[in-house]
Amino acid sequence: MASEPARKSAPTRDPRERTDFDGRYVGKPFRRVDGRAKVTGQTLFADDLSFPRMCFMRLVRSTVPHALIKQVDFSKASEIEGFLGSLTGADTPEPFGILPVSQDEHALCPDKVRMVGDPVAAVAAVTEDAAIEAALAVEVEYQELATIASVEEALATPEPRIHDYPKEGGNVHKAVSMEFGQVGEALAGADLVLDDLFFYEGNTHLPMEQHAAVAVPEDTDRITLYSSTQTPHYVHRALAKVLGLPPSRIRVVACSNGGGFGGKSDPFNHEIAAAKMALELGRPVKITLTREEVFYCHRGRHPVLMSMKTGFAQDGTILGQHLKTALDGGAYGSYGVASTYYTGALQTVTYKLPAYRFDGVRTFTNKAPCGPKRGHGTPQPRFGWEVQLDKAAEKLGLDPAELRLKNLEEAGRTTANWLKLGTTGLERCLRAVVEGSGWKKRRGKLPEGRGLGLACGSYLCGAGLPIYWNHMPQSGVQILLDRAGSVAVYCGEAEIGQGSDSVLAAITAEVLGVELADIRLCVADTGFTPVDLGSYSSRVTLMAGNAALEAAERARELLAQAVAEHLEIDKDRLVFSDNRVFDAGEPDTGLSFREACIAAEAKFGTLSTVGSYIPPRSPGKYRGAGVGPSPTYSYSASVIEVEVDVETGLYRPIHVWIAHDIGRSLNPVLVLGQVEGSVYMGLGEAMMEEQAYRRLPAKYSSSLVHKHPSMLEYKSPTFLEMPPVTSYLIEDPDPEGPYGAKEVGQGPLLPIMPALANAIHDAVGVRIDQVPIHPHMILRALAAKKTGRPARFGPAGFPQVDFGGTLHVPTPDQGGDGRSIDDYRHKLRSGMRSASGTMTTREEALQKHGKLTTD
Amino acid sequence: MLRLPAFEFHQPSTLEEAFALLGSAAPSVRLVAGGTDLWPNMKRRHQKAETVVSLMKIDELRGIQTTNGNGNGPSLSIGAITLLDDIVRSSEVRERFPALSRATASISSPPLRNMATLGGNLCLDTRCTYYNQTEEWRRSIDYCLKEEGTVCWVAPGSPTCWAHSASDTAPMLAAIEATVVLQSPGELREISVSELFHNDGIEYLTIQPGEVLTRIDLPGSSSAKHCRTAFWKLRRRGSIDFAVLSVAVALWLDGAGTVEKANIVLGAVASRPLAVPNAARALVGQKPNIGAVRNAARAARRAATPMDNTDFKTQWRGLMVERYAEAAMCEAMDLPHQLPSPPHV
Amino acid sequence: MPNALSAFTSLLIEVNGERRAVSFPTHHTLLEVLREECALTGTKHGCELGECGTCAVLVDGRPVLSCLVLAAEMEGKRIETVEGLTDGNELHPLQAALADLGAAQCGYCTPGILMAAKALLDEEPEADRKRIEQALAGNLCRCTGYHKIVQGIEWAAARMRGEDVAAPADVLYGAPEPGSPGPPDSSSSETTERQDG
């Protein structure tokens with residue numbers, strides 16, 4: 001593109017000044033940097049790797065849902081030709097888990113299994129054929145325990161316990177209760193109080209790539225693990241812990257992920273078992289999971305039952321809300337403590353909610369563990385909230401769009417639960433989809449069976465706190481320049497398809513004025529790259545992007561000093577563009593980028609810079625305030641048009657309008673891909689996807705199995721189910737984001753499920769208060785309507801739950817300081833909820849640092 | 001990766017060779033055509049074989065030919081290993097029995113139809129969500145009646161297996177009264193498609209050991225000319241999924257437009273394609289009218305026993321039998337019908 | 001039960017116009033032999049049961065699922081995989097279009113999608129959106145929501161027909177925000193940094 005006129009490059013320093021930037025790459029639909037490799041089959045996913053002497057491992061998984069392991073017998077397995085070795089739980093006694101407070105998983109279960117699919121043993125063989133036969137030939141003897149299949153059962157069945165923690169006993173994993181402002185008063189003073197129950201069924205990520213890992217031993221105490229993981233850094237930590245090796249002897253490389261969506265964010269038992277096996281055998285070990293095993297890895301959407309009681313004034317003003325959530329967590333902790341908080345945390349960021357109470361509980365059950373799926377914990381209450389707003393508008397005689405517009409949160413405000421907002425593009429999002437869909441003219445006026453539904457959503461641009469409490473950056477980037485004029489960018493972020501490699505490359509190229517082709521990336525390699533916490537919580541664009549920006553600007557500064565000296569001009573006059581560094585006033589005076597690198601290397605020696613990113617501190621100081629803060633939030637709004645057949649309950653979305661507040665699109669065509677992909681996944685959840693289980697008749701069997709762990713029976717929409725989508729990218733650059741960019745990977749999913757439910761109501765006048773919405777539910781609700789019963793399908797009750805003592809936190813409007821009025825240390829002494837129950841062990845860390853003393 | 005267990009594999013090029021292999025091989029020998037049913041079943045290990053004999057290199061079993069028929073005018077004869085996609089592409093099939101073309105086009109997905117065969121689709125193993133699972137999964141329920149177990153988990157206490165017939169071509173071919181040819185060394189018998197099936201999830205085929213289904217004969221043109229067909233299928237997605245319900249309708253009208261003969265055959269609601277004679281009776285002697293159709297649709301619903309072994313709520317699927325039967329019969333009779341054409345047929 | 005090593009097959013297979021001699025256990029699928037014996041790992045797998053379309057390759061020009069055919073059946077057949085799509089170092093128009101529109105996100109379903117799309121356009125160069133959706137309906141994708149794939153195939157089809165068309169502005173930038181001045185002019189935007197194919 002040498003013919004393009006020279007353009008002034010980005011001004012330096014404060015990203016806040018960079019929001020009206022017109023870039024060479026930024027804002028342009030350039031081809032993603034891994035695009036060519038992906039369309040030619042050159043991208044290497046973990047299962048594509050092969051090493052000399054590599055052998056194959058399979059896990060022997062539990063066939064019973066809850067049992068003590070009495071015996072594991074390898075005698076038949078070891079006779080199979082090609083058998084190389086085996087492991088059991090005795091070989092991996094050290095527990096691990098993604099959260100410091102939930103170290104409850106084992107690479108192989110040592111004494112007890114908690115779900116069908118729990119790994120009991122591992123076998124390795126020369127070929128995968130032999131490994132499969134050997135795994136099938138392993139005989140395991142169990143002593144079965146009573147099985148827990150639901151939240152209700154878990155609450156009613158304290159014994160047997162699935163885990164021996166928390167210390168309160170029973171099968172409750174986490175209970176939380178917090179109140180911001182005076183909710184009781186707010187509801188008492190309301191003109192309208194809606195008290196609704198909602199249910200959101202669990203579903204799973206279903207990445208097209210089945211998880212795979214290859215462990216390559218390099219010495220008896222040194223190893224490299226290649227894996228399809230979104231979080232190589234956390235896998236690194238778990239490996240070090242379980243293998244008992246110094247982290248410096250372990251290298252984890254995240255290969256390109258064949259889709260993640262949150263499903264590859266935990267360290268997994270198969271990764272650790274492969275590493276252990278490789279160290280035992282002294283040869284590379286590969287494991288590639290079957291599709292069924294991917295369903296057992298799960299970590300998908302929690303099934304959540306919700307009770308939502310909200311007060312409104314006659315004019316539609318929202319006065320207060322009391323939300324209760326009950327999460328079916330499955331067999332392990334995973335991110336569950338965070339997930340529990342997330343089912344409450346983001347209720348406040350779209351509309352002003354002056355008083356808010358949140359009670360949440362997560363229980364263990366003998367099913368595959370739930371965790372973070374796209375939207376992590378927030379789509380469930382968002383579904384309830386947006387459907388309830390639709391009901392409120394109907395009751396109050398207001399347009400649902402107007403009701404929302406009336407209550408919009410504002411940029412820069414701090415919410416009742418102490419989340420500091422950045423820019424908020426929700427008003428523009430709402431207006432765009434309302435206008436685009438012809439909402440005002442068409443809603444409520446379409447023929448019977450046709451309807452329009454509206455909903456909004458919001459999501460984090462990166463979790464404000466890391467998984468484990470520390471004072472280090474959440475993202476780091478290193479740039480290496482050399483005399484060839486090449487730019488090497490090192491970063492721990494993992495490309496999972498979202499385009500994070502392209503974000504890094506584009507930002508670096510933009511700052512240094514070089515082309516994408518001049519940049520080489522080394523990412524997601526704990527042996528070589530600075531830590532980035534991973535591709536979760538929509539954090540990479542903002543956090544790794546800002547780190548890249550800082551590193552690139554430092555590199556540019558070095559080059560500018562050298563070039564300024566060489567040209568004998570003021571360095572502030574220099575422009576970096578078109579692979580040149582030149583005088584803004586006299587573009588012919590300058591050096592090529594390569595010459596600039598040579599000049600700088602001669603002046604400074606070997607050229608390398610680093611950048612890092614730490615999010616701003618959140619104003620919330622209460623216990624649990626660690627979940628929800630983010631440097632800024634993205635916003636989305638959607639209108640869906642649906643056609644419903646009243647004879648069958650069959651329906652189909654006809655069109656989706658969606659607007660997403662992206663801050664700034666670093667690459668609009670990739671942003672659109674994320675928006676459309678989110679719409680797709682949201683529709684899948686709304687219409688058909690279910691991680692469903694089956695309990696056999698108790699008279700005959702105690703089994704509890706995944707109903708359909710296959711691509712055929714777990715229904716994922718095809719080309720034919722996807723309706724046309726009109727996407728609006730709303731640009732309102734946010735000072736916290738690189739070039740003003742916010743997240744897009746998760747937010748646009750949030751409005752889809754409630755927009756569909758609201759559209760069905762507009763079409764046929766029935767409320768479906770749960771997802772997925774199956775046709776029989778619509779027929780049942782229509783039948784109820786005919787007989788004068790409530791025209792609704794949904795849950796009928798919420799169980800009695802002890803949420804523990806409620807934490808009272810005065811809101812900013814009440815003049816609070818972000819702390820709760822309940823004295824934390826007093827609670828510790830009186831032996832109430834444990835000290836380590838929050839997402840991070842912040843208090844423990846502070847204690848260790850001597851900043852907080854207990855008696 | 002899920003892989004096949006080891007087996008001996010033979011690809012004879014003549015039927016005689018195939019018969020010899022079938023006769024000589026160990027007891028666990030299986031025939032395979034397209035493999036789209038057998039290979040997944042063997043990977044999950046609920047169908048087992050030490051020897052597999054492929055029919056795909058026996059050229060005489062491939063292709064669509066026009067024959068003289070048996071007194072009913074020229075007819076189409078479809079070789080058992082003819083690919084489903086070749087049937088979809090056949091204009092002769094589409095002109096004579098458009099609903100057969102449509103039923104075939106609805107099977108699974110485009111690449112699968114380039115592999116699967118008509119003979120294979122007719123012989124498709126009965127399906128059940130307790131059965132079409134991996135070895136490890138089935139161990140966790142102690143297997144089921146269809147394979148190694150003692151209980152039919154769909155209906156515990158039932159002495160028979162309730163796995164359902166999920167073939168789309170079988171109900172349609174049964175409705176138009178197609179026949180199949182079964183060959184064994186020195187013998188050949190021709191039976192109606194309807195006679196090919198038992199209503200038993202385990203012993204669902206009447207094919208005898210040693211017999212090979214070699215071709216499918218469609219009725220001759222004199223029958224086809226007066227035959228009106230329709231095929232409606234219910235499933236979650238417009239591709240990949242098996243039917244959870246299909247309705248195949250064939251009607252023969254006389255010169256005055258009165259129904260002379262009718263066949264209503266349901267798929268996926270029994271262990272075999274389920275003909276509903278009561279529905280047919282409700283139509284015969286009638287000119288197309290919605291009242292007769294509704295009577296017939298109610299009869300169809302009464303005959304069907306959808307079980308909880310596939311997608312969707314069982315009770316709702318029962319309701320849908322009536323709706324879909326009505327829609328299919330209306331289509332065959334050129335009556336307007338309310339049900340919006342499901343996006344997935 | 002026969003041992004996994006008891007029966008093996010040796011044959012010449014033709015992949016992407018190149019014949020090679022391979023030996024493999026007879027029960028191995030085409031998918032396994034392509035990936036493991038031929039080192040052609042571009043063909044992926046998502047279920048190995050014929051349920052997802054990820055492993056689609058062309059056999060004699062038609063898309064089939066390589067997880068459900070035995071390599072032993074491939075004698076005399078013409079196999080095409082994603083590795084054979086480029087013309088020298090030039091991307092096939094389908095590859096270029098999918099790369100430029102970000103229609104390959106994680107890229108895992110992409111090889112199967114490309115092969116199914118190639119088979120379609122080879123046979124029906126005028127295929128419209130509906131035909132594209134039907135022909136691709138056996139290929140699942142979890143990333144894209146399919147739109148960029150369909151738009152990419154349409155764009156490639158137009159270019160393969162010799163039409164000199166740019167990708168529409170709304171495909172690259174989204175729909176214009178109602179009431180706003182509208183998106184940048186796409187002709188000036190240079191979607192493709194390096195326009196191959």
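Below, read A as the first sequence line, B as the second, and so on, with proteins coming before strands; counting in each chain starts at 1.
Heavy atoms of C:Ile149 lying under 4.5 Å from chain A belong exclusively to its side chain. Heavy atoms of A:Leu670 lying under 4.5 Å from chain C belong exclusively to its side chain. Neither the backbone nor the side chain of A:Ile80 has a heavy atom closer than 4.5 Å to any heavy atom of chain C. Residue contact with chain C, scored on non-hydrogen atoms closer than 4.5 Å, is absent for A:Pro709. Contacts between A:Gln674 and chain C at a heavy-atom distance below 4.5 Å involve backbone atoms as well as side-chain atoms. In this structure, the portion of A:Asn257 lying under 4.5 Å from any heavy atom of chain C is its backbone and not its side chain. For A:Met681, the part sitting under 4.5 Å from any heavy atom of chain C is the side chain, from C-beta outward, and nothing else. Residue A:Val679 does not touch chain C at all, counting heavy-atom pairs closer than 4.5 Å. In this structure, chain A has a heavy atom under 4.5 Å from the side chain of C:Ile113, while its backbone stays farther away. Only the side chain of C:Thr86 comes within less than 4.5 Å of a heavy atom in chain A; its backbone stays farther off. Within the 4.5 angstrom heavy-atom criterion, only side-chain atoms of C:Leu114, from C-beta onward, approach chain A. Using a 4.5 Å cut-off between heavy atoms, C:His45 contacts chain A through both its backbone and its side chain.
The side-chain heavy atoms of C:Val165 and C:Trp155, taken from C-beta on, include a pair separated by under 4.5 Å. A heavy-atom distance below 4.5 Å is not found between the side chains of A:Tyr25 and A:Ser502. Residues A:Leu749 and A:Glu685 have side chains in contact (heavy-atom distance under 4.5 Å, counting atoms from C-beta outward). No side-chain heavy atom of C:Tyr146 sits under 4.5 Å from any side-chain heavy atom of C:Leu136. Residues A:Arg374 and A:Ser678 meet the side-chain proximity criterion, which asks for heavy atoms closer than 4.5 Å. The closest side-chain heavy-atom distance from C:Leu94 to C:Ile153 is below 4.5 Å. With a 4.5 Å cut-off on side-chain heavy atoms, C:Val64 and C:Val57 count as touching. In this structure, C:Leu172 and C:Leu101 have side chains that are in contact, with non-hydrogen atoms separated by less than 4.5 Å.
With C:Glu73 contributing its side chain and C:Leu70 its backbone, the two residues share a donor-acceptor pair below 3.5 Å. Side-chain atoms of A:Glu209 do not come within 3.5 Å of backbone N or O of C:Tyr108 as any donor-acceptor pair. No donor-acceptor distance shorter than 3.5 angstrom exists from the side chain of C:Arg129 to the backbone of C:Glu154, with no hydrogens or angles considered. Under a 3.5 Å cut-off, the side chain of C:Lys77 and the backbone N or O of C:Ile13 do not form any donor-acceptor pair. The backbone N or O of A:Arg24 lies less than 3.5 Å from a partner atom in the side chain of A:Glu510, making a donor-acceptor pair.
Contacts with chain A were tallied for C:Val171, C:Leu140, C:Thr110, C:Leu85; C:Leu140 has the most, counting heavy-atom pairs under 4.5 Å. Counting heavy-atom pairs closer than 4.5 Å to chain A, the top-ranked of the candidates C:Cys109, C:Cys52, C:Gly53, C:Gly138 is C:Cys52. Between chain A and the options C:Glu32, C:Lys44, C:Glu36, the largest number of non-hydrogen pairs under 4.5 Å is found for C:Lys44. Note on A:Glu435, A:Gln210, A:Glu495: by heavy-atom pairs under 4.5 Å with chain C, the leading option is A:Gln210. Chain C forms the most heavy-atom pairs under 4.5 Å with one residue out of A:Leu729, A:Leu206, A:Thr726, and that residue is A:Leu206. Chain C forms the most heavy-atom pairs under 4.5 Å with one residue out of A:Gly82, A:Ser50, A:Pro724, A:Gly499, and that residue is A:Pro724. Interface summary for chain A: among C:Gly107, C:Ala99, C:Gly102, the most heavy-atom pairs under 4.5 angstrom belong to C:Ala99. Between chain A and the residues C:Glu83, C:Arg35, C:Gln134, C:His28, the largest count of heavy-atom pairs under 4.5 Å involves C:Arg35. The residue among A:Arg291, A:Glu731, A:Glu676 with the most heavy atom pairs within less than 4.5 Å of chain C is A:Glu676. No other option in A:Asp47, A:Asn667, A:Thr288, A:Val294 has as many heavy-atom pairs under 4.5 Å with chain C as A:Asp47.
Rounding to the nearest 0.5 Å gives a distance of 11.5 Å between OG of A:Ser228 and CD1 of A:Ile496.
For A:Arg428, the salt bridge (charged side-chain N to carboxylate O under 4.0 Å, His left out) partners two or more places apart in sequence, or in a different chain, are C:Glu177.
Along residues 655-662 of chain A, no residue comes nearer than 4.5 angstrom to chain C, judged on non-hydrogen atoms.
Taking a 6.0 Å sphere around CD of C:Glu124, one finds it holds more than 12 heavy atoms contributed by other residues, nucleotides or ligands.
Ionic pairing of A:Arg431 and A:Glu427 is present here: one or more N-O contacts between side-chain nitrogen and carboxylate oxygen are shorter than 4.0 angstrom.
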